[in-house]
Amino acid sequence: MTVAAGPLSLPQIEAQALAVLDRASDAKVIAIQARAQAAWPDAINLSGRPFRLRWCESPLMAREALSALEDVSDEQASPGLILLTPLSARDLGGDVVARLARAQVFQPDAWGMVQQLFKAREIDARLSRFRWMAQLLVERASMGAYPPVPNGFLDMDTAWRHILGRCLSLDASKPDAAMLLNWSLGADSARLFGDLPDPARLQIAAWLGDSAGAVGTLVMRCVTAGNTQDTVPLGLVCSVVLSAQGEGVHDLAAAAIRLERFMGDKRIGIGEGRLWANDAANCLKSLTPALRHEVIERAELLLRELHVDAYAHLSDVLPLGLEQRLGLLAEALKAFIAEPSTAQLQAIERAADSVARHAHADPASTRMLRVKMAVRLCRWMMADRPQSKGRGGRQATGFAELAQLYAREGAFVDWARFKLIGGDDLPGLSSAFVALRDAARKKADAFNQTFAQALQVWNREPRAEAAYMPVEAIVERLLAPLAQQAPVLLLVADGLSYSIFRELCEDLEALGWDEHVAGPTPSLAVGIAALPTITEVSRTSLLSGRLVVGAAAQEKTAFATHPALVGVSRAGTAPIVFHKGDIADAEGLSSTVRDAIASMQQQVVAVVYNAVDDHLSGSNQIQVRWTIDDLRLLGPLLSEARRARRVVIVTADHGHVIDDGTVQCGQGEGDRWRLPSGTSDGSELVFEGGRVKTASGNAVVCAWSEGVRHGAKKNGYHGGVSAQEVVVPLSVFTPRNMALKGWQVAAAPQPDWWAPLEVASPAEAAETPMLPKKPPKAKPLTAPTPQTDLFGGTLPVAAPVPGVHWIDALQASPAYTAQKALAARVAPADADVRSLLEALAARGGKLSKAALAQRLSMPAMRISGFVNAAKRVLNVDQAAVLVLDETAGTVELNRELLARQFL
């Protein structure tokens with residue numbers, strides 16, 4: 001190939017001259033044919049030698065250039081000469097030609113130059129159809145020498161890799177779609193592509209489109225149309241305009257047509273557009289925050305230009321889409337609050353799932369926590385119907401049952417509703433949260449009134465039971481007996497409400513602690529605060545082991561000399577209690593506390609932890625997330641206890657109510673209690689005798705409604721008789737795998753509605769599919785009747801005979817027996833497998849691990865091991881009958897596949 005008409009570029013001149021010097025290194029004069037003059041430099045250096053460049057459009061000019069070369073004195077370094085001329089050798093004359101290298105005027109051959117530049121003996125014949133490529137390769141040689149090609153052969157991929165690298169800064173011979181999308185966002189990408197010669201532009205676009213597939217073709221259409229910077233934003237737009245959920249929507253169909261102007265007036269196929277959307281979303285993840293913001297802003301602007309920004313909720317990546325999804329959730333919440341129903345609840349579940357799927361919905365964020373809690377409250381409100389029943393959705397009678405009901409249900413309700421305080425950035429969602437909190441608070445107040453009235457009755461003749469223990473009985477009835485088995489740490493968290501305790505329990509399990517329960521019918525125990533529910537009464541009574549009013553000094557003395565504790569302590573090491581001022585030093589947890597917990601001689605240690613009570617008087621501008629990491633010194637305390645293999649009893653002197661629109665009602669001795677005087681209003685009850693203790697006597701008036709207070713506004717209050725203040729944690733924890741005589745690991749305590757709603761299949765509602773005990777023999781010459789199989793399908797077998805439950809049939813099958821034999825000792829008991837299958841089938845085949853643990857009365861930390869053991873039996877040849885997804889925290893049963901495996 002010869003160079004087309006026009007001036008030669010400097011790289012072409014250099015390449016041709018170097019090719020001559022490679023064969024004749026001592027050449028002084030090199031003549032190269034050039035069609036036109038250009039702005040070349042006066043001189044260049046080639047192979048370490050200087051060469052003058054002279055344009056000679058006549059033989060006379062050539063002779064003058066040669067004469068000037070001879071005039072250089074011998075003392076000077078003799079430069080070389082490159083004659084650039086439109087004349088042929090015959091036109092220049094024999095005397096000039098005789099002085100030229102190899103006695104000829106060289107005709108520039110672009111591919112010959114390329115061959116020289118790559119030190120190639122041969123060039124891939126397929127490159128010949130890209131006429132522009134040789135010239136570009138020669139011109140871009142100025143960016144640096146090309147590496148010699150292996151085996152002397154310049155192949156197609158190598159040539160394309162250098163062309164794309166040096167012309168477009170693409171470091172691949174066949175870039176994929178992801179690489180093209182990232183490239184398009186470069187500040188120089190559009191300019192680099194625009195600077196290409198016209199023939200090169202078209203063929204490079206075609207090559208890139210072919211190499212990157214359907215998405216690459218769309219990207220290069222966009223680039224060719226002059227919209228390079230929009231390739232990623234337009235891909236994100238396609239996630240809305242071409243969404244599967246938007247099929248049939250006229251506005252989106254019209255927008256798809258308007259999109260064609262960005263693509264050179266070419267149509268975007270639905271399948272290709274969705275692939276583009278997916279690749280653009282993946283590209284977005286790898287960008288810097290600033291560039292990501294720029295791309296997203298442009299995509300949302302394009303949606304507005306296309307008049308479809310109202311459909312942004314169809315996108316999983318655009319922030320506008322997340323806001324719209326949250327808006328749809330707000331509408332669903334308001335509709336549910338106005339008229340609760342299963343259909344409305346399912347709409348909320350779908351809306352919340354859609355929000356959670358969005359890329360900007362950070363699962364660890366406060367916003368997503370509130371979304372999750374709002375959905376849980378809605379589930380609870382459905383589970384709590386009809387209105388005449390107790391707060392847990394069933395009739396509760398008596399103080400003991402109400403206290404337990406609060407621990408099992410009400411504390412979780414409070415956990416959820418208090419997390420909604422603070423609202424959301426979107427006013428609509430904030431108002432929905434307020435409405436939901438108001439609805440939950442009304443139900444909570446109704447429960448608290450019933451609870452307080454029951455407490456009033458119980459207080460006349462209080463008694464201590466394992467399931468509900470007055471705080472003054474904890475030392476003798478729980479702490480001392482446990483200290484006979486193992487060293488104990490009594491952790492008294494001042495003001496710790498049961499709802500915050502349950503939130504902290506999530507961390508305790510993750511940190512290697514097992515919650516334990518005791519008794520013939522094991523159930524979680526609760527503590528009952530003394531009245532009024534204030535520190536100087538309840539905490540002093542707890543640590544003293546008797547009803548008393550006092551402070552830290554009295555607590556230290558009473559605890560150290562309590563007969564039951566002294567009886568289980570070693571000689572010379574009296575029980576010891578550390579208060580707020582004792583537990584910290586400059587290094588964090590004080591060495592005195594660390595030494596006491598670590599000491600094997602110190603059988604009983606108590607620590608009073610004040611973080612919760614201190615927070616009640618603090619700023620209400622901070623959203624607190626109760627985690628062990630965020631509670632200073634609590635983590636080190638628990639770490640020391642775990643290393644020392646101490647049993648930890650977590651309890652509190654009293655709980656508290658959160659300030660959520662409280663109203664000040666007169667004055668009192670405390671935030672929510674006062675001495676009897678005048679008449680009590682409807683939010684108060686009078687308590688006398690029993691477990692009432694004050695410095696002035698044994699009668700008080702306490703508020704039961706969480707909406708009232710006597711003092712100044714704070715974060716929270718205590719002193720009243722709501723369930724939140726009276727019912728306190730009383731749980732025993734051991735380091736993982738530590739056994740306690742008479743105790744066992746507690747099952748997951750969360751209520752059913754805490755886990756995601758799983759709707760059972762309609763066919764399973766009656767739970768009636770049966771299998772025949774013995775299928776009847778088919779009659780001769782009669783076609784078999786289709787038989788309903790035990791999992792709801794049909795089998796070409798005889799008609800069913802009522803009487804065999806599908807799980808009975810499963811466990812009686814030969815395949816099940818064989819699987820159990822293969823699993824050997826790992827195989828769970830049949831009763832446990834039945835419980836597992838029943839729990840999953842009742843909820844449509846899928847449950848969260850926590851919900852499954854609750855249904856099976858099994859510790860949450862044992863669920864994974866149990867399910868994996870069950871898989872050894874049910875998953876024949878590793879078929880996905882039972883699936884445990886640890887990432888999502890779910891267990892799923894495929895009944896159809898189970899039927900095929902065991903029949």
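The first residue in the sequence is number 1, and the count goes up from there.
With hydrogens and angles left out, the side-chain atoms of Tyr717 and Asp659 include a donor and acceptor closer than 3.5 Å. Between Glu339 and Gln344, the side chains place no donor N or O within less than 3.5 Å of an acceptor N or O (distance only, hydrogens not considered). For the residue pair Trp673 and Glu684, no side-chain donor N or O sits within less than 3.5 Å of a side-chain acceptor on the partner. Side chain to side chain, Tyr406 and Asp414 meet the donor-acceptor criterion of an N or O pair below 3.5 Å. Using a 3.5 Å distance cut-off with no hydrogens or angles, the side chains of Thr366 and Lys419 do not pair a donor with an acceptor. No side-chain N or O of His710 forms a donor-acceptor pair with one of Glu669 less than 3.5 Å apart. With 3.5 Å as the limit, one finds a donor-acceptor pair spanning the side chains of Asp494 and Thr535. Gln724 and Ser497 are not linked by any side-chain donor-acceptor pair at a separation below 3.5 angstrom, with hydrogens and angles left out of the test.
A heavy-atom distance below 4.5 Å is found between the side chains of Leu508 and Phe733. In this structure, Val692 and Asn459 have side chains that are in contact, with non-hydrogen atoms separated by less than 4.5 Å. At a threshold of 4.5 Å between non-hydrogen side-chain atoms, the residues Leu489 and Ile649 do not count as touching. Side-chain contact between Pro729 and Leu496 is present, with heavy atoms from C-beta onward closer than 4.5 Å. Between Leu543 and Leu490 there is a side-chain heavy-atom pair separated by less than 4.5 Å. Using a 4.5 Å heavy-atom cutoff, the side chains of Leu631 and Val612 are not in contact. The side-chain heavy atoms of Ile528 and Val471, taken from C-beta on, include no pair separated by under 4.5 Å. For the pair Tyr609 and Leu634, the minimum side-chain heavy-atom distance is below 4.5 Å.
Using modelled atom types, one side-chain atom of Gln456 and one backbone atom of Val686 make a donor-acceptor pair closer than 3.5 Å. A donor-acceptor pair is defined here as one N or O able to donate and one able to accept, closer than 3.5 Å; such a pair exists between the side chain of Thr694 and the backbone of Ser696. Side-chain atoms of Glu476 never come within 3.5 Å of backbone atoms of Ala473 as a donor-acceptor pair (strictly under, hydrogens ignored). Put simply, the side chain of Ser541 never gets that close to the backbone of Glu472: no donor and acceptor are under 3.5 Å apart. No donor-acceptor distance shorter than 3.5 angstrom exists from the side chain of Asp653 to the backbone of Ser538, with no hydrogens or angles considered. With hydrogens and angles disregarded, no donor-acceptor distance shorter than 3.5 Å links the side chain of Thr651 to the backbone of Leu730. Side-chain atoms of Gln404 come within 3.5 Å of backbone N or O of Ala467 as a donor-acceptor pair. Between the side chain of Asn698 and the backbone N or O of Glu688, no donor-acceptor pair lies under 3.5 Å. In this structure, the side chain of Asn715 engages the main chain of His615 through a donor-acceptor pair within 3.5 Å. Counting only distance, with no hydrogens or angles, the side chain of Arg370 and the backbone of Ile421 share a donor-acceptor pair below 3.5 Å.
Taking the six-membered ring for Trp and the full ring otherwise, the centers of Phe399 and Trp458 sit less than 6.0 Å from each other.
Note that CG of Asn610 and CD1 of Ile583 are 7.5 Å apart. Values are rounded to the nearest 0.5 Å. Between the CG atom in Leu405 and the CZ atom in Phe447 there is a gap of 5.0 Å [rounded to 0.5 Å]. A distance of 11.0 Å separates CG in Leu638 from CG in Leu633, rounded to the nearest 0.5 Å. Taken from CZ in Phe451 to CH2 in Trp704, the straight-line distance is 13.0 Å, to the nearest 0.5 Å. Rounding to the nearest 0.5 angstrom, the gap separating the SG atom in Cys702 from the CG atom in Leu455 is 8.5 Å. Between the CZ atom in Arg379 and the CD atom in Glu349 there is a gap of 4.0 Å [rounded to 0.5 Å].
Arg441 has a carboxylate O that lies under 4.0 Å from a charged side-chain N of Asp438, or vice versa, which qualifies the two as a salt bridge. Using a 4.0 Å cut-off between a side-chain N of Lys or Arg and a carboxylate O of Asp or Glu, Glu706 and Arg417 qualify as a salt bridge. A salt bridge between Asp752 and Arg855 is present, with a side-chain N of the basic residue lying under 4.0 Å from a carboxylate O of the acidic one. A salt bridge is defined here as a Lys NZ or Arg NE, NH1 or NH2 lying under 4.0 Å from an Asp or Glu carboxylate O, and Glu461 with Arg463 fails to meet this definition. With respect to the salt-bridge test (charged N to carboxylate O, under 4.0 angstrom), the residues Asp582 and Lys556 qualify.
Around NZ of Lys372, the count of heavy atoms belonging to other residues, nucleotides or ligands within 6.0 Å does not exceed 12. Residue Lys693 places its NZ atom among 12 or fewer non-hydrogen atoms of other residues, nucleotides or ligands, all under 6.0 Å distant.
Heavy atoms only, all atoms of each residue included: Asp671 and Lys714 are closest at OD2-NZ, 2.8 Å.
The salt bridge (Lys or Arg N to Asp or Glu O under 4.0 Å) test with Asp660 is passed by exactly one of Lys713, Arg709, Arg437: Arg437. Here the rule is side chain to side chain donor-acceptor pair (under 3.5 Å) with Glu725, and of His654, Arg672, His656 only Arg672 fits it.
Both the sub-6.0 Å distance and the 45° axial angle are satisfied by Arg376 relative to the ring of Trp754.
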Asp681/Ser683 under side chain to side chain donor-acceptor pair (under 3.5 Å): CA gap, chis, key distance, verdict: CA-CA 6 Å; Asp681 64 21; Ser683 64; 2.7 Å; yes

Residues Arg502, Glu515; criterion salt bridge (Lys or Arg N to Asp or Glu O under 4.0 Å); working and verdict: CA-CA 11 Å; Arg502 277 299 155 207; Glu515 188 171 6; 3.1 Å; yes

